[in-house]
Amino acid sequence: MEQAAADAPGARSVPVCYRHPDRETGVRCTRCDRPICPECMVDASVGFQCPDCVRGGTHASGDTAPAPADNRPRTLAGGTLTRDPRLVTKVLIGLNLALFLVKLSLGDVFTNQLDLIGRAYAPHLTGIQGVAEGQWYRLLTSMFLHGGYVHILFNMLSLWWIGGPLEGALGRARYLTLYLVCGLAGGALTYLLAAPNQPSLGASGAIFGLFGATAVLMRRLRYEMRPVIVLLVVNLIITFGVPGIAWQAHIGGLVAGVVVGYAMIHAPRERRALIQYGACALVLLVVAVLTLVRTLQLT
């Protein structure tokens, strides 16, 4: 009777702990995604892990043999666990800093070749420059350029504080994909709405995308949302209150971060990769459409 009641449709809508079937829970292990109750939760850098994953892959039955590939511990989003969960974040920061040093050495002649501009004459360069002239690479390269010390300092600190934990939750490949897609989305919206002769540069669009994905992650883990909401509101106030900031990049990156982040974090395990990378492809399709529409307007 008890088994039949448990199997009845709608009898239980909340998962139960895999080690204590009599306990309902809304929390899952960030590595293997199995439901765990408060007694089984072990604090991790992001969320909680189950006792089996903490012991290094030991099965619930006590067998310590390596698990099959499909059942090996993974991040919350299905990424592969690595010894350095911040490696991609470190590489991104290093790349931004390296290009900033090149910019300091070569000056505006370097920046003007790679920043985001719609269609205009650029100083130190010959002819009309811009994305509308076929220089679509500017949507990508502008994400790694910064105008001054305060600009790059603020962005790199934000990338370290927000990006590191998010990389640990998503895994390297998914995190890097999220970063690039959000940056491109911010660039596309800037290209569409900003004046064609207004140059734009910076990692802010990608970082705002990380903000959006972090909010989705915190809600998924049932963390307190007020800190990230306050931080996001403050940044939006700065975005619209300080002259010279490309608000389009911030909003485009933020929206893309929420969309892709939701797909990354909430995708069911059986169709995880399809949904996650399908959402990325959908956002990139929107980026391509916006870019094409603006190019037709300017040419």
Side-chain angles (χ1 to χ4, degrees), residues 88-133 135-163 179-212 231-232 234-257 287 290-291 294 298:
V88 174
T89 300
K90 294 174 183 177
V91 171
L92 289 173
I93 292 175
L95 181 58
N96 279 277
L97 292 175
L99 290 177
F100 184 70
L101 292 178
V102 174
K103 182 255 185 187
L104 292 179
S105 175
L106 300 181
D108 291 339
V109 65
F110 172 74
T111 304
N112 292 340
Q113 297 179 69
L114 302 174
D115 61 6
L116 177 57
I117 190 169
R119 190 170 188 265
Y121 285 100
H124 312 295
L125 300 179
T126 58
I128 300 178
Q129 304 291 317
V131 179
E133 293 299 306
Q135 299 171 350
W136 291 8
Y137 59 84
R138 290 177 178 268
L139 292 169
L140 177 65
T141 56
S142 60
M143 296 165 49
F144 299 94
L145 301 175
H146 291 83
Y149 292 103
V150 175
H151 190 198
I152 191 169
L153 177 62
F154 185 81
N155 276 349
M156 293 305 99
L157 286 176
S158 298
L159 178 55
W160 178 254
W161 288 334
I162 300 172
Y179 184 91
L180 295 176
V181 168
C182 292
L184 290 172
L189 191 61
T190 302
Y191 177 49
L192 178 69
L193 300 179
N197 63 342
Q198 177 62 51
S200 175
L201 71 173
S204 301
I207 293 173
F208 263 76
L210 302 186
F211 266 117
L231 186 59
L232 182 58
V234 170
N235 277 275
L236 288 174
I237 291 174
I238 295 174
T239 296
F240 291 100
V242 177
I245 293 180
W247 62 267
Q248 301 92 339
H250 293 187
I251 299 302
L254 178 62
V255 173
V287 168
L290 295 181
T291 302
R294 184 58 166 168
L298 297 178

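What you see below is based on every heavy atom in this structure, not just the backbone, and it leaves out hydrogens, waters and symmetry mates.
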Min side-chain heavy-atom separation [X]-[Y] under 4.5 Å:
| X | Y | value |
| --- | --- | --- |
| Phe154 | Asn235 | yes |
| Val88 | Tyr179 | no |
| Gln198 | Thr190 | no |

If I take atom [atom1] from residue [X] and atom [atom2] from residue [Y], how far apart are they, to the nearest 0.5 angstrom?
| X | Y | atom1 | atom2 | result |
| --- | --- | --- | --- | --- |
| Leu145 | His151 | CG | NE2 | 10.0 Å |
| Leu254 | Ile207 | CG | CD1 | 13.0 Å |
| Leu106 | Leu101 | CG | CG | 11.0 Å |

If you take all heavy atoms of [X] and [Y], which pair is closest and at what distance?
| X | Y | value |
| --- | --- | --- |
| Val287 | Ala188 | CG1-CB, 3.8 Å |
| Cys182 | Gly209 | SG-CA, 3.6 Å |
| Ser200 | Ala246 | OG-CB, 3.7 Å |
| Leu193 | Gln248 | CB-CG, 3.9 Å |
| His146 | Ala203 | NE2-N, 3.5 Å |
| Gly252 | Ala185 | O-CB, 3.7 Å |

Side-chain (Lys103) to main-chain (Gly147) donor-acceptor, under 3.5 angstrom: yes
For residues 111-118, please give each side-chain donor-acceptor pair under 3.5 Å, one per line with the distance, not counting sequence neighbours.
from	atom 1	to	atom 2	distance (Å)
Asn112	ND2	Asp108	O	3.2
Asn112	ND2	Pro123	O	2.9
Gln113	NE2	Val109	O	2.9
Asp115	OD1	Arg138	NH1	3.0

Qualifying residues under side-chain contact (heavy atoms from CB on, under 4.5 Å), relative to [X], sequence neighbours excluded:
| X | result |
| --- | --- |
| Tyr121 | Ile128 |
| Ile93 | Thr89, Leu97, Met156, Leu159, Trp160 |
| Val150 | none |
| Ile251 | Leu189, Leu236, Phe240, Trp247, Val255 |

Sub-6.0 Å ring centroid separation between His250 and Phe208: yes
Residues Asn155, Asn96; criterion side-chain contact (heavy atoms from CB on, under 4.5 Å); working and verdict: CA-CA 10 Å; Asn155 276 349; Asn96 279 277; over 6 Å; no
Evaluation steps, side-chain contact (heavy atoms from CB on, under 4.5 Å), between Phe100 and Leu153: CA-CA 11 Å; Phe100 184 70; Leu153 177 62; over 6 Å; no
Those residues that, when tested against Tyr191, pass side chain to side chain donor-acceptor pair (under 3.5 Å) (two or more places apart): Thr295
Under the side chain to side chain donor-acceptor pair (under 3.5 Å) test, residues paired with Ser158 that sit two or more places apart: none
Salt bridge (charged side-chain N to carboxylate O under 4.0 Å, His left out) partners for Arg119, two or more places apart: Glu133
All ring pair (Phe, Tyr, Trp, His ring centres under 6.0 Å) counterparts of Phe144, not counting sequence neighbours: none
Pairwise salt bridge (charged side-chain N to carboxylate O under 4.0 Å, His left out) hits with a residue in residues 185-207, at least two apart: none
Residue pairs fulfilling salt bridge (charged side-chain N to carboxylate O under 4.0 Å, His left out) with at least one residue in residues 88-97, sequence neighbours excluded: Asp84-Lys90
